Amino acid sequence: MSSLEQKYNDKIVKGFLISGLVWGVASMLVGVWIAFQMVYPELNFGPYFTFGRLRPLHTNAAIFGFALSIIFATGYHTVQRLCRVRIWSDKLAYLHLFLYNLTIIAAAITLPLGLNQSKEYAELEWPLDLSIVIWFVIFLINYFATIFTREEKQLYSAIWFYIASWVTIPILFIVNNLSIPVSWIKSYSVYSGVYDANIQWWYGHNAVAFVLTTPFLGLMYYYLPKHIKQPIYSHRLSIIHFWSLIFLYIWAGPHHLLYSPLPDWLQTTGMVFSIMLWMPSWGGMLNGFLTLTQAKEKIKTDATLKMLLVGLTFYGMSTFEGPLLSIRAVSGLGHNTDWIIGHVHGGTLGWVGMMSFAVIYYLVPRLWNTNLFSERLANVHFWVATLGILLYIVSMWVSGISEGSMWRAIDETGALKFPNWVQITETLKPYRLFRGIGGGLYFIGLIIMIYNVVRTIMNSGSGFKEIDLRIGSKEEKVV
Amino acid sequence: MNWFDKLLDWFSGFTDQWEKHGVKFTLYTTIAILIGGMFELIPPFFLTKTAEPIQNVKPYNALELAGRDVYQKEGCNNCHTQMIRPFKWEVDRFDPQHSYGKDGYSKAGEYVYDHPFLWGSKRTGPDLAHESQIQPSAEWHKTHLINPRDTAKGSIMPAYPWLFEESATIDASKIADHMRGLQKVGVPYTEEDILSAPNLLAGKTAGDALIAYLLKLGRDTAELSKSLQ
């Protein structure tokens, strides 16, 4: 352990892990809050805490605070081990951690103040955008320098997914955020109307692809085999699904704009590529599942493994639902409704969240050199969170499909059956209440995990026996 | 599945080499993502037909622009869409007076001066693309914004009373700067438009501006279609 400590910089991993927990609490707390605002408008404490201002705070804290922290933590952890070298520069890594958190804090202050550029998942105003570019470049230099000085010749599949994310995120981010500043706190997009929509959803969809999907696949490719001490099921499957996934994903953006004034050929392209995406997505899911079946006897007892299993299941489910929703006829019903909210949260709570929790349970005992405080609490977390997700997405499915059906319902004379909008809102209220409760359960699960993690860290240094899979897999292999 | 295995062998023959070479790997990954990206982003820029300005559609005046800023600041686009899809049930709901004839859905030309676009992605409240034709009363909008429950019992919209307080009075010089910025990205504001800002904005609150913006939505095209009928 001590030689490992000298070889690899794990402080940076710890740093990002803790910021992940902090921003996880912030984003999910706001998430639960705005879920209840949808039922009880009195919860809008104006002007700073109205739904319109808190919703971007929720998504930004969840995607760029929680998910990105976990991505950076695992990115730094895996790159050192897979390249068998220490991160190229410790100083740049700490600078990255510092500037990153500073930006997220600034985001948490400016969004409730109403400073935003109104582009979904790219709400932050231009000075914050610039600071993001700065720390991302710092990170890129450090990461690629580590790869170029590596001792391990072959780049393992986990690293491919991280690399694809690192090169694509800046391209998406910079192109979509080009704007003309008119003051320190206000800017206007350089694109207008239909073009702006096209670029925004090219970005928006690929934020899902290259922030919430590929890094988490990379994470899966490293931590799943590591955790069960079995190799990944098929290397060739990972090759084919990696290249097809990154090639196809980038085309899918226009499925967010079906039936809009966007050129029809572009909408169709987006739809066709979205349907094709189903195959590489399920390729990744199957590779994970088939790997997992090698250790199926452990699933009953191991909460981390259960989380990986449920995470993969939700990945499969939301990547089935996505192409389904991108079919014009289905989009006609589902677009703009709560169904989409349910779909997104199946992916984020189920796939991103569960995979993140699994990684936290894997990493914390190893990083702080002790054993997990309570495996039973981890198990409770698993069940509470799973119940929460199910309650959330089922209520959103019912709500969304009801919503879409009521919008389009016409009577025998051809007139709208529900012309009164509030009548529809009232119908959806109970489902939206259940969504809030589901989200609340998921949040409680997170708090249980944080308690577990804090108690584990308090025991730090009591000793954890780490076995490196690539060195120790043969001796450890369970038949 | 023999042919598939052969295809895989052929493909992994390349990738095996790339996996040992960080620069090549990164380069090919970048190329893979750029192909789709460029295909989607570049051609639409040259298809002027898709976003031909409708002659009647005018840029937002100083007051309307200030209102659009308020709309953005309050994040109205998180709950209200501004894009009517070409379905009968959607046109009937969001263009009840049939101000646009049968084609009451949204056209590209209506959005040419929108930096950024504000179509939104979730319709928790009704669509506002042609709001001026649905609810033309400024007084109604004011009551609605101060407390949505007064005009629509059961609404879950937040109340925005502070928009009409004295502290929410708009600074005309800021809006003039905003118009100059928009000029740079191609909105055809004249010097006159910019100089008219102090007059238009005198004593106006954020709420007044927001209402002016809402009453601009769909107005120009509705007038065009009325003049054609």
Side-chain angles (χ1 to χ4, degrees), chain A residues 38 41 44 46-47 50-53 55-56 114 116-120 147-148 153-155 163-164 167-168 180 182-183 186 188-190 192-199 202 236 239-240 243 246-247 250-251 253-254 256 259-261 263 266 332 336 340-341 407-408 410 416 421-422 425-426, chain B residues 8 11-12 15 19-20 22 25-26 29-30 32-33 36-37 40-41 44-45 47 50-51 72-79 81 83 85-86 89 92-93 106-108 111-119 121-123 126 152-160 162 174 177-178 181-182 184-185:
Chain A
M38 288 293 210
N44 288 282
T50 51
F51 183 88
R53 295 190 187 188
R55 194 265 185 180
N116 71 76
Q117 43 184 23
S118 305
K119 286 195 155 196
E120 229 169 313
I147 289 184
F148 295 140
K153 193 103 186 78
Q154 189 89 8
L155 293 171
I163 290 178
V167 299
T168 315
I180 190 99
V182 291
S183 73
K186 178 81 188 164
Y188 293 106
S189 172
V190 299
S192 80
V194 177
Y195 298 139
D196 194 44
N198 186 33
I199 285 169
W202 166 78
R236 293 212 315 182
I239 293 174
I240 196 85
W243 288 102
I246 63 159
F247 177 74
I250 210 97
W251 298 73
H256 292 253
Y259 293 111
S260 79
L266 201 54
N336 288 333
I340 307 299
I341 317 294
W407 288 348
R408 62 163 63 188
I410 46 172
L416 292 171
W421 191 269
V422 175
T425 310
E426 296 275 7
Chain B
L8 270 181
F11 189 65
S12 51
T15 54
E19 283 161 31
K20 295 188 179 73
F25 187 89
T26 309
T29 305
T30 313
I33 60 116
E40 280 192 354
L41 300 191
F45 271 106
L47 298 174
T50 57
Q72 284 184 246
K73 183 175 182 181
E74 298 303 340
C76 305
N77 49 307
N78 288 303
C79 287
T81 53
M83 200 265 286
R85 295 182 292 171
W89 46 272
D92 281 359
R93 189 182 294 279
S106 297
K107 322 285 191 302
Y111 302 102
V112 285
Y113 302 125
D114 286 8
H115 297 263
F117 81 114
L118 291 173
W119 294 355
S121 61
K122 177 67 180 78
R123 197 179 270 157
K153 199 174 169 294
S155 163
I156 53 170
M157 186 171 128
Y160 291 94
W162 66 86
K174 266 189 196 160
D177 288 343
H178 293 190
L182 284 168
K184 285 183 200 140
V185 291

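Just so it is clear, the structure is predicted and the values come from calculations on it, not from any experiment.
Of the possible polar contacts, none joining the B/R93 side chain to the A/L416 backbone as a donor-acceptor pair under 3.5 Å is found. Without hydrogens or angle criteria, A/N116 side chain to B/Q72 main chain gives a donor-acceptor distance under 3.5 Å. Side-chain N or O atoms of A/N198 include one that pairs as donor or acceptor with a backbone N or O of B/E40 at under 3.5 Å. A donor-acceptor pair is defined here as one N or O able to donate and one able to accept, closer than 3.5 Å; no such pair exists between the side chain of A/R236 and the backbone of B/S12. Judged by distance alone, the side chain of B/N77 and the main-chain N or O of B/L118 form no donor-acceptor pair under 3.5 Å.
Of the listed residues B/I33, B/D114, B/D92, the one with more heavy-atom pairs under 4.5 angstrom with chain A than any other is B/I33. The candidate with the highest count of non-hydrogen atom pairs below 4.5 Å against chain A, out of B/W119, B/F117, B/Y111, is B/F117. Per-residue heavy-atom pair counts under 4.5 Å with chain A were compared for B/K20, B/K107, B/K153, and the maximum is reached by B/K20. Most heavy-atom pairs under 4.5 Å with chain B, from the set A/T425, A/I180, A/I341: that is A/I180. Annotation: maximal heavy-atom pairing with chain B below 4.5 Å, among A/N336, A/N44, A/V182, occurs at A/N336. The greatest number of non-hydrogen atom pairs below 4.5 Å with chain A, out of B/G75, B/G36, B/G37, is found for B/G36. Considering only heavy-atom pairs separated by less than 4.5 Å from chain B, the leading option among A/A197, A/G46, A/S183, A/A164 is A/A197.
Within the 4.5 Å cutoff, the side chain of B/Y160 has heavy atoms near those of the A/T50 side chain. Two residues are said to be in side-chain contact when any heavy atoms from C-beta on lie closer than 4.5 Å; A/S189 and A/Y195 fail this criterion.
The contact between A/R408 and chain B is made by backbone and side chain atoms together, counting heavy-atom distances below 4.5 Å. In this structure, chain B has heavy atoms under 4.5 Å from both the backbone and the side chain of A/K153. Only the side chain of B/K184 has a heavy atom closer than 4.5 Å to any heavy atom of chain A. For A/F148, the part lying near chain B is the side chain, with the backbone staying farther off; criterion is any non-hydrogen pair under 4.5 Å. There is no contact between B/C76 and chain A, counting heavy-atom distances below 4.5 Å. Both the backbone and the side chain of B/T26 have a heavy atom closer than 4.5 Å to some heavy atom of chain A. Residue contact with chain A, scored on non-hydrogen atoms closer than 4.5 Å, involves the side chain of B/T81 exclusively. Looking at A/V190, both its backbone and its side chain come within 4.5 Å of chain B, counting heavy atoms on both sides. With a threshold of 4.5 angstrom between heavy atoms, A/E426 approaches chain B through side-chain atoms but not through N, CA, C or O. Within the 4.5 angstrom heavy-atom criterion, atoms from both the backbone and the side chain of A/I246 approach chain B.
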Checklist entry - Where do A/W202 and A/I250 land on the side chain to side chain contact (heavy atoms under 4.5 Å, CB included) test, with the steps shown first? => result CA-CA 7 Å; A/W202 166 78; A/I250 210 97; 3.7 Å; yes

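Taking the six-membered ring for Trp and thresholds of 30 and 60 degrees, A/W243 and B/F11 have ring planes more than 60 degrees apart, a perpendicular arrangement.
Other residues, nucleotides and ligands contribute only 12 or fewer heavy atoms inside 6.0 Å of the NZ atom of B/K174.
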